[in-house]
Amino acid sequence: MENQVTPERRPVVLSAIQPTSIPTIGNYFGALKNWQTMSEDNDCLFAVADLHALTVHPEPAKLRQQIIEMYATLLSLGLSPEKNIIFIQSMVHAHAELAWILDCYTMFGEAQRMTQFKDKSQKHADNVNVGLFAYPVLMAADILLYQADYVPVGADQKQHLEIARDIAERFNNLRGATFKLPEPYIGKIGARVMSLQDPTQKMSKSDVNPKASVFLFDSPDLIMKKFKSAVTDSEAQVRYADGKDGINNLMSIYSCCTGLDFDAIEKEFEGKGYGDFKVRVAEAVIEEIRPVQEEYARLMKDKAFLMQTANEGAEKASRIAYRTLQKAKKKVGLIVDK
Ligand code: TYM
């Protein structure tokens, strides 16, 4: 295929995040931190997935604000808009257009099997709309438009990556080589940060329990409070083991911040109680996200810069996306404009 990785072509990395609320440290350690790392050696595109957010019917004025906030968050991670393409999904028209074409190459049964669709349909039983159902197809369009090699995501998105590959493969088989098959990039540690109050559940932006999730822009005091009240166990020994979900989660978070492996962490806290450990984890998280918080506060004061950068990002992304879209349109028999 013409899009194989060659020495002249750096791998293409694409990922996106929904602007449904301030990101949690789950989003940060599971995805955003890897975006940062990967942005050095790859051709990266990072998007605010605002079209995906429409599935839950957000209040329009609030959504507009959250899109800008998420865009500023991505820039605050230190992702340079000169070296990476950072854009807002809905500003690149090709996404919705390719999604429709891909809808016609996605089987009802395979979309119906998506765990996230099943979970969300249960949670929002009063609003199981077609957008929610077709959500992974739009995500496939996001990825395939840029011929991405790698997609850095948390573990919960793995199934969506698999369906993106299946759709691409089906299309390629029926219509000829068009899309590169993407690989998920899922970090070893931090791919599934758990709730601080119920460590058997994923930490989520939409958890109703305010102590369950730590948000990227929580104050240091609040972060400390949340970690101090994290659910653990009665063993009082910092070690990674089955059945110690709360401690395992805190150890993973601490490992993400410090780079220490579990053995080293166990040694560091030998003979110390959970109280000391929780404080250290909180301090490490506070230190880790401090630069992001400072940069975010600075950027949010300059909306004109944010909008200009978003427009430039959309223009750059559109140029790449348009090429793939034209190719796909031609392959399916649509008339392609000049
Ligand atoms: P979203 O907005 O729910 O989450 C953004 C990223 O954060 C990861 N994540 C987690 N990682 C570890 N632990 C957790 N508790 C945790 N919670 C969330 C998610 O896996 C994700 O990587 N559908 C996507 C957005 C999207 C997308 C794309 C991603 C739209 N188009 C194209 C990749 C490529 C989503 O809802 O992510």
Side-chain angles (χ1 to χ4, degrees), residues 12-36 38 44-56 58 66-67 69-70 73-74 77 87-90 92 95-96 98-99 102 114-117 119-120 123 131-132 134-165 167-168 182-207 212-216 245 248-249 252-253 255-256 317 321:
V12 175
V13 167
L14 175 130
S15 201
I17 182 166
Q18 292 193 72
T20 36
S21 93
I22 294 164
T24 65
I25 57 166
N27 299 125
Y28 178 77
F29 291 121
L32 303 177
K33 196 171 166 163
N34 291 331
W35 298 11
Q36 238 173 13
M38 294 176 97
C44 292
L45 299 112
F46 298 117
V48 176
D50 55 346
L51 291 174
H52 280 101
L54 294 179
T55 53
V56 293
Q66 284 178 329
I67 294 169
E69 286 172 1
M70 187 56 84
T73 306
L74 299 192
L77 295 168
F87 67 102
I88 295 169
Q89 180 193 35
S90 66
V92 180
H95 289 246
L98 182 65
L102 297 181
M114 294 292 109
T115 323
Q116 205 163 81
F117 172 67
D119 287 353
K120 288 200 176 161
K123 259 193 211 148
L132 195 63
Y135 180 110
V137 188
L138 177 59
M139 188 165 153
D142 297 342
I143 299 165
L144 302 180
L145 272 174
Y146 302 95
Q147 309 288 359
D149 296 284
Y150 300 109
V151 183
V153 283
D156 64 328
Q157 295 298 318
K158 189 163 175 257
Q159 203 185 26
H160 288 162
L161 260 290
E162 282 158 8
I163 197 176
R165 281 175 70 93
I167 297 168
E183 298 280 346
Y185 178 92
I186 298 174
K188 283 200 192 77
I189 299 171
R192 204 171 155 77
V193 175
M194 309 309 274
S195 152
L196 295 187
Q197 290 301 309
D198 176 1
T200 63
Q201 298 297 314
K202 178 185 94 163
M203 184 180 285
S204 156
K205 290 179 209 156
S206 55
D207 203 308
S213 309
V214 174
F215 293 93
L216 213 48
D245 298 320
N248 295 348
N249 189 36
S252 301
I253 294 171
S255 169
C256 286

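All figures in this text were calculated on a predicted structure; none of them were measured in a lab. Heavy atoms only: backbone and side chains are in, while hydrogens, waters and symmetry mates are out. Both counts, for ligands and for their atoms, begin at 1 and track the order of listing.
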Starting from the N and O atoms of ligand 1, find every protein N or O within less than 3.5 Å and list the pair with its distance.
residue  : atom   : partner : partner atom : Å
ligand 1 : 2 (O)  : Gln18   : N            : 2.9
ligand 1 : 2 (O)  : Lys205  : NZ           : 2.9
ligand 1 : 4 (O)  : Asn27   : ND2          : 3.3
ligand 1 : 7 (O)  : Asn27   : ND2          : 3.0
ligand 1 : 11 (N) : Gly26   : O            : 3.1
ligand 1 : 13 (N) : Val193  : N            : 2.8
ligand 1 : 15 (N) : Val193  : O            : 2.8
ligand 1 : 15 (N) : Met203  : O            : 2.9
ligand 1 : 20 (O) : Gly154  : N            : 2.9
ligand 1 : 20 (O) : Asp156  : OD1          : 2.4
ligand 1 : 22 (O) : Gly154  : N            : 3.1
ligand 1 : 23 (N) : Tyr135  : OH           : 2.8
ligand 1 : 23 (N) : Gln157  : OE1          : 3.3
ligand 1 : 31 (N) : Asp142  : OD2          : 2.6
ligand 1 : 36 (O) : Gln18   : NE2          : 2.9
ligand 1 : 36 (O) : Tyr135  : OH           : 2.6

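Scored by the salt bridge (charged side-chain N to carboxylate O under 4.0 Å, His left out) test, Lys158 finds Glu162 as partners (sequence neighbours excluded). Not counting sequence neighbours, the partners of Arg165 by the salt bridge (charged side-chain N to carboxylate O under 4.0 Å, His left out) test are Glu183. Remark: Lys202 pairs with Asp156 by the salt bridge (charged side-chain N to carboxylate O under 4.0 Å, His left out) rule, at least two apart or across chains.
Aromatic ring orientation, Tyr146 versus Phe87: tilted (interplanar angle from 30° to 60°).
To the nearest 0.5 Å, atoms CE (Met70) and OG (Ser21) are separated by 6.5 Å.
With no hydrogens or angles considered, a side-chain donor-acceptor pair links Ser90 and Asp50 at under 3.5 Å.
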